[in-house]
**Student:** 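Provided herewith is a single structure, encoded as structure tokens, for subsequent inquiry.
The analysis underlying the following values was restricted to heavy atoms, covering all of them including side chains, and did not include hydrogens, waters or symmetry mates. Proteins come first, then strands; the chains are lettered A, B, ... in the order of their sequence lines, and each starts at number 1.
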Amino acid sequence: MTVVTRFAPSPTGFLHIGGARTALFNWLYARHHGGVFRLRIEDTDRQRSTKEAIEAIIDGLKWLGLDWDDETVFQFARAPRHAEVAMEMLKQGKAYYCYSTPEELDQMREAAKAAGKPMRYDGRWRDRDPKDAPTGVKPVVRLKAPTSGETVVHDKVQGEVRVANEQLDDMVLLRSDGTPTYMHSVVVDDHDMGITDVIRGDDHLTNTFRQLQIYQAMDWAPPSFAHIPLIHGPDGAKLSKRHGALGVEAYRDMGYLPEALRNYLLRLGWGHGDDEIISTEQAIQWFDLDAVGRGPSRFDFAKLDNLNGHYLRQTDDERLAQDVAQRLSVAGDTTIEHRLIAGMAGLKARAKTLKELAENARFYTLTRPLSPDDKACAQLTGGGSRVLKELRERLAAAPTWIAADLESEARAFAEAKGVKLGQVAQPLRAALSGATTSPPIFEVMQVLGREETLGRIDDAVGAGG
RNA sequence: GUCCCCAUCGUCUAGAGGCCCAGGACAUCACCCUUUCACGGUGAAGACACGGGUUCGAAUCCCGUUGGGGACGCCA
């Protein structure tokens, strides 16, 4: 049987990091088994669902490179079908109309709380004659759930989980306005869409019991389930905004590469021996549910940064330069763009994110004169300035303008002056980059070119006195 | 509160009874490389939550305790 998985987000916000991982696992599982990965937007909450959220989710999935098959299913559009199934259950005596008012339910809730028991609908309309129905009250449709025995889930990650049916009550299938509840629509949609494997967050594990009861009532074969643990914040508690509960677009803006985020998310809760850097091809080949861990894991930016740095260094210079030019608003300036491409080799070993890369690259994009920072200014006073003045003459006469030769010039100069190379290189760095740290300075000179280099030295020498 | 789930270095994890006085990665620290900062290299420190069993032998199996998480809606 062909594997069919799905990602079923509700469009009430961005595609957050936990959802992204759920989508990734579903996608990998389907691709690994040569199956189908589908997308269903659960937009039945008309109040909270927005068009913007739908777009954010779709953009996020595309950015992450998680492509889905077939058409996207919008759950709300299927409401008539959900109602139809509920009616069928009513006809077969598997469901019933319940006329209890919200007030009555509140009373039950409070009574249950006072008694230290969980809220359970007491089934007061379960076997009542429909003729008793009060007028003017629109009923909900409730499932006639089994009252004894137990319901068991054979979960691919959590193993066999069982619960006594007394713990469960008769849940609402259709609201009094005739719209389906989440529990009901999920089951009908998964069935109709031919989903074979439901892979979702751990928070749905207890929902599964109730959903299983609907499958049983309809005599449908349930899919197999896999509940993956949730992602927590660094403190072990629920992931907060501050700690990473952000939309994937926020990660893009912070300068993370989609391949790095994918690799990071994959390793969160799943492992393959000692492998850390895992390409998408390998992931598809290796991924399976049996290696998914059962405990929740904590989100760690430091590890994401490290992974991102790794992928950054693998990425070709043009792509990086283009992103940097965009971030620094200099895209289209070909001189600058060429400089960025030429300087990228030295730049990319020094950054963890594209954002950091852009900040480090800024000095390449500046127009003279630069405004050196405090530490750089300190390099440009007194001795530093004198060294630069003399070095400038020698550089102006340099026969070539390539890094290795420029370094030889500087070394010869330092030796002649009886100073360490650092005493030459640091003022030079301050003059050319406006800072005390930069890519290798002779590489910077080559990238900047003779004219710009000499000009920046002149600016610095003049300003430094 | 009730039900359900989980538990190896600070973090992510390897480990499916002897290969483990527990391996890798990130982070930390030291050293090397070096014109700065990185990258890279070498090394150090660092964990089986606790208590009982089972077994010749347990990180691995069972029970309990503790700790964490999740679910208890006419939200999804």
**Student:** Give me the distance, rounded to whole Å, that separates B/rG64 from B/rU28 when you measure between the C1' atoms they each carry.
**Tutor:**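 Rounded to whole Å, the distance is 37 Å.
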**Student:** When rounded to the nearest Å, what value does the distance between C1' atoms of B/rU8 and B/rA22 take?
**Tutor:** 8 Å
**Student:** Can you tell me how far P of B/rU13 sits from CZ of A/Phe287, to the nearest Å?
**Tutor:**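 To the nearest whole Å, that distance equals 13 Å.
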**Student:** Report yes if a side-chain nitrogen or oxygen of A/Thr181 is closer than 4.0 Å to either non-bridging phosphate oxygen (OP1 or OP2) of B/rC74; otherwise report no.
**Tutor:** no
**Student:** Is a donor-acceptor pair below 3.5 Å formed from side chain A/Arg350 to base B/rC37, judging by atom type as modelled?
**Tutor:**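 Flag set: donor-acceptor pair detected.
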**Student:** Taking the side chain of A/Arg294 as its heavy atoms from C-beta onward, which of B/rC6, B/rG70, B/rU36 lies nearest to it?
**Tutor:**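 Of all the options, the side chain of A/Arg294 is nearest to B/rC6.
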**Student:** Expressed as a whole number of angstroms, how long is the span from A/Arg298:CZ to B/rC9:C1'?
**Tutor:** 13 Å
**Student:** Base, sugar-phosphate, or nothing for A/Phe442, non-hydrogen atoms under 4.0 angstrom?
**Tutor:**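 Here A/Phe442 touches the bases of the nucleic acid.
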**Student:** Identify which nucleotide among B/rU35, B/rC26, B/rA76 has an atom closest to any side-chain atom of A/Pro440, counting heavy atoms from C-beta outward.
**Tutor:** B/rU35
**Student:** In whole Å, what separates the P atom of B/rC63 from that of B/rA45?
**Tutor:**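 Roughly 38 Å separates the two P atoms.
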**Student:** Searching all strands shown, indicate the nucleotide that pairs with B/rC31 (Watson-Crick or G-U wobble; both distances under 3.5 Å).
**Tutor:** B/rG41
**Student:** Starting from C1' on B/rC26, measure out to CD1 on A/Ile277 and report it in whole angstrom.
**Tutor:**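 Spelled out: CD1 on A/Ile277 to C1' on B/rC26 is 11 Å.
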**Student:** At 4.0 Å (heavy atoms only), tell me whether A/Arg267 reaches a base, stays on the sugar-phosphate, or touches nothing.
**Tutor:** base
**Student:** Quick one: A/Phe363 CZ to B/rC37 C1', roughly how many Å, whole number?
**Tutor:**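 To the nearest whole Å, that distance equals 12 Å.
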**Student:** Indicate the ring-plane relationship of A/Tyr251 and A/Phe301, choosing parallel, tilted or perpendicular according to the 30° and 60° boundaries.
**Tutor:**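 Plane angle under 30°, so parallel.
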**Student:** Checking contacts here: which listed nucleotide (B/rC12, B/rU11, B/rC74) is nearest the side-chain heavy atoms of A/Pro102?
**Tutor:** B/rC74
**Student:** Please classify the nucleic acid contact of A/Ser100 as base, sugar-phosphate, or nothing, using heavy-atom distances under 4.0 Å.
**Tutor:** base
**Student:** Find the distance between NZ (A/Lys138) and CG (A/Leu174) and round it off to the nearest 0.5 Å.
**Tutor:**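 Spacing of NZ (A/Lys138) from CG (A/Leu174) equals 12.0 Å.
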**Student:** So which nucleotide from B/rA76, B/rA27, B/rA25 ends up closest to the side chain of A/Lys352?
**Tutor:** B/rA27
**Student:** Decide, yes or no, whether a salt bridge links A/Asp45 with A/Arg48 under the criterion of side-chain N to carboxylate O below 4.0 Å.
**Tutor:**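 The answer is yes: the pair qualifies as a salt bridge.
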**Student:** Counting any heavy atom closer than 4.0 Å, what does A/Glu276 reach on the DNA or RNA strands: base, sugar-phosphate only, or nothing?
**Tutor:** base
**Student:** Can you check the A/His272 NE2 to B/rC12 P distance for me, whole Å?
**Tutor:** 21 Å
**Student:** With the threshold set at 4.0 Å, does a side-chain nitrogen-carboxylate oxygen contact exist between A/Arg386 and A/Glu390?
**Tutor:** no
**Student:** The side chain of A/Glu42 lies closest to which of these nucleotides: B/rA76, B/rU35, B/rC4?
**Tutor:** B/rA76
**Student:** Can you tell me if A/Asn306 touches the phosphate of B/rA27, counting only side-chain N or O atoms and a distance under 4.0 Å to OP1 or OP2?
**Tutor:**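 Yes, such a contact exists.
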**Student:** Quick check on B/rG40: is either OP1 or OP2 less than 4.0 Å from any side-chain nitrogen or oxygen of A/Arg313?
**Tutor:** yes
**Student:** Heavy atoms under 4.0 Å, any strand shown: does A/His204 hit a base, just sugar-phosphate, or nothing?
**Tutor:** base
**Student:** Please give the distance between the C1' atoms of B/rU13 and B/rG53 as a whole number of Å.
**Tutor:** 29 Å
**Student:** How many whole angstroms separate atom CD of A/Gln167 from atom C1' of B/rC3?
**Tutor:** 5 Å
**Student:** How is A/Val140 classified with respect to the nucleic acid when contacts are heavy atoms under 4.0 Å: base, sugar-phosphate, or nothing?
**Tutor:**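 Answer is base: heavy atoms of A/Val140 come under 4.0 Å of a base.
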**Student:** Which part of the nucleic acid does A/Gly269 contact within heavy-atom distance under 4.0 Å: base, sugar-phosphate only, or nothing?
**Tutor:** sugar-phosphate
**Student:** Categorize A/Ile441 for me: base, sugar-phosphate, or nothing, with a 4.0 angstrom heavy-atom threshold over every strand shown.
**Tutor:** base
**Student:** Does B/rC26 pair with anything, Watson-Crick or G-U wobble, both distances under 3.5 Å, and if so, with which nucleotide?
**Tutor:**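 B/rC26 is paired, partner B/rG10.
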**Student:** If each of A/His310 and A/Arg411 is mapped to the nucleotide of RNA chain B with the nearest heavy atom, which maps nearer the 5' terminus, i.e. the 5' end?
**Tutor:** A/Arg411
**Student:** Quantified in whole Å, what is the C1' atom distance between nucleotide B/rG1 and nucleotide B/rA44?
**Tutor:** 49 Å
**Student:** A/Arg48 side chain: which of B/rA71, B/rA76, B/rC26 is closest?
**Tutor:**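 The nucleotide sitting nearest to the side chain is B/rA76.
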**Student:** Using a heavy-atom cut-off of under 4.0 Å over every strand shown, decide if A/Asn207 touches base, sugar-phosphate, or nothing.
**Tutor:** base
**Student:** Are the ring centres of A/Phe25 and A/Phe287 closer than 6.0 Å?
**Tutor:** yes
**Student:** Classify the nucleic acid contact of A/Leu230 as base, sugar-phosphate or nothing, counting any heavy atom under 4.0 Å across all strands shown.
**Tutor:**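 Sugar-phosphate contact only.
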**Student:** Side chain of A/Thr437 only, please: which of B/rG69, B/rU36, B/rC6 is the nearest?
**Tutor:** B/rU36
**Student:** Give a yes or no on whether the ring-centroid distance for A/Phe299 and A/Tyr264 is below 6.0 angstrom.
**Tutor:** yes
**Student:** To the nearest 0.5 Å, how far apart are CZ in A/Arg327 and OG1 in A/Thr353?
**Tutor:** 7.5 Å
**Student:** Measuring from the side chain of A/Leu205 (C-beta onward, heavy atoms only), which nucleotide among B/rC5, B/rC12, B/rU35 has the closest atom?
**Tutor:**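 The listed nucleotide nearest to A/Leu205's side chain is B/rC5.
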**Student:** Mind calculating the distance between CD (A/Glu356) and P (B/rA38) to the nearest angstrom?
**Tutor:**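 One finds 10 Å between P of B/rA38 and CD of A/Glu356, rounded.
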**Student:** Pairing check on B/rU60: which nucleotide meets the Watson-Crick or G-U wobble criteria with it, both distances under 3.5 Å?
**Tutor:**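 Per the H-bond distance test, none.
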**Student:** Contact class for A/Ser10 vs. all strands (heavy atom < 4.0 Å): base, sugar-phosphate, or nothing?
**Tutor:**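 Result for A/Ser10 = sugar-phosphate.
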**Student:** Within the modelled atom types, does a donor on one side and an acceptor on the other bring the side chain of A/Ser176 and the base of B/rC74 under 3.5 Å apart?
**Tutor:** yes
**Student:** Quick one: label A/Pro439 by what it contacts on the DNA or RNA (base, sugar-phosphate, nothing), any heavy atom closer than 4.0 Å.
**Tutor:** base
**Student:** Of the candidate nucleotides B/rA38, B/rA27, B/rU11, which contains the atom at the shortest distance from the side chain of A/Asp300?
**Tutor:**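 It is B/rU11.
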**Student:** For B/rC3, which nucleotide in any strand shown is its Watson-Crick or wobble partner with both distances under 3.5 Å?
**Tutor:** B/rG70
**Student:** If we call it a pair only when both distances are under 3.5 Å in a Watson-Crick or G-U wobble match, what pairs with B/rA47?
**Tutor:** none
**Student:** Can you check whether A/Leu266 reaches A/Leu24 side chain to side chain, under 4.5 Å on heavy atoms?
**Tutor:**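 Yes, at least one pair of side-chain atoms sits under 4.5 Å.
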**Student:** Identify whether NZ of Lys or CZ of Arg in A/Arg78 sits under 6.0 Å from the centre of the six-membered ring of A/Phe74 and within 45° of that ring's axis.
**Tutor:**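 No, A/Arg78 does not sit over the ring of A/Phe74.
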**Student:** Could you check whether A/Arg411 pairs with A/Glu407 (Lys NZ or Arg NE/NH1/NH2 to Asp/Glu carboxylate O, under 4.0 Å)?
**Tutor:**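 Salt bridge between A/Arg411 and A/Glu407, a charged N being under 4.0 Å from a carboxylate O: yes.
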**Student:** Mind checking A/Thr12 for me? I need base, sugar-phosphate or nothing, with any heavy atom below 4.0 Å counting as a touch.
**Tutor:** nothing
**Student:** B/rC19 and B/rC4: how far apart are their P atoms, nearest whole angstrom?
**Tutor:** 36 Å
**Student:** Test for a donor-acceptor pair under 3.5 Å between the base of B/rG70 and the side chain of A/Asp202, counting only N and O atoms.
**Tutor:**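 Counting by modelled atom types and ignoring angles, no donor-acceptor contact under 3.5 Å is found here.
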**Student:** Please compare A/Met183 and A/Gly273 by the position of their nearest nucleotide in RNA chain B and report the one closer to 5'.
**Tutor:**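 Taking each residue's closest nucleotide, the earlier one in sequence belongs to A/Gly273.
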**Student:** Between B/rC9 and B/rG51, how far apart are the two P atoms, rounded to whole Å?
**Tutor:** 16 Å
**Student:** Can you figure out which of B/rC37, B/rG24, B/rC3 approaches the side chain of A/Lys303 most closely?
**Tutor:**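 Given the options B/rC37, B/rG24, B/rC3, the side chain of A/Lys303 is closest to B/rG24.
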**Student:** Categorize A/Ser297 for me: base, sugar-phosphate, or nothing, with a 4.0 angstrom heavy-atom threshold over every strand shown.
**Tutor:** sugar-phosphate
**Student:** Rounded to the Å, how far apart are A/Tyr311 OH and B/rC26 C1'?
**Tutor:** 14 Å
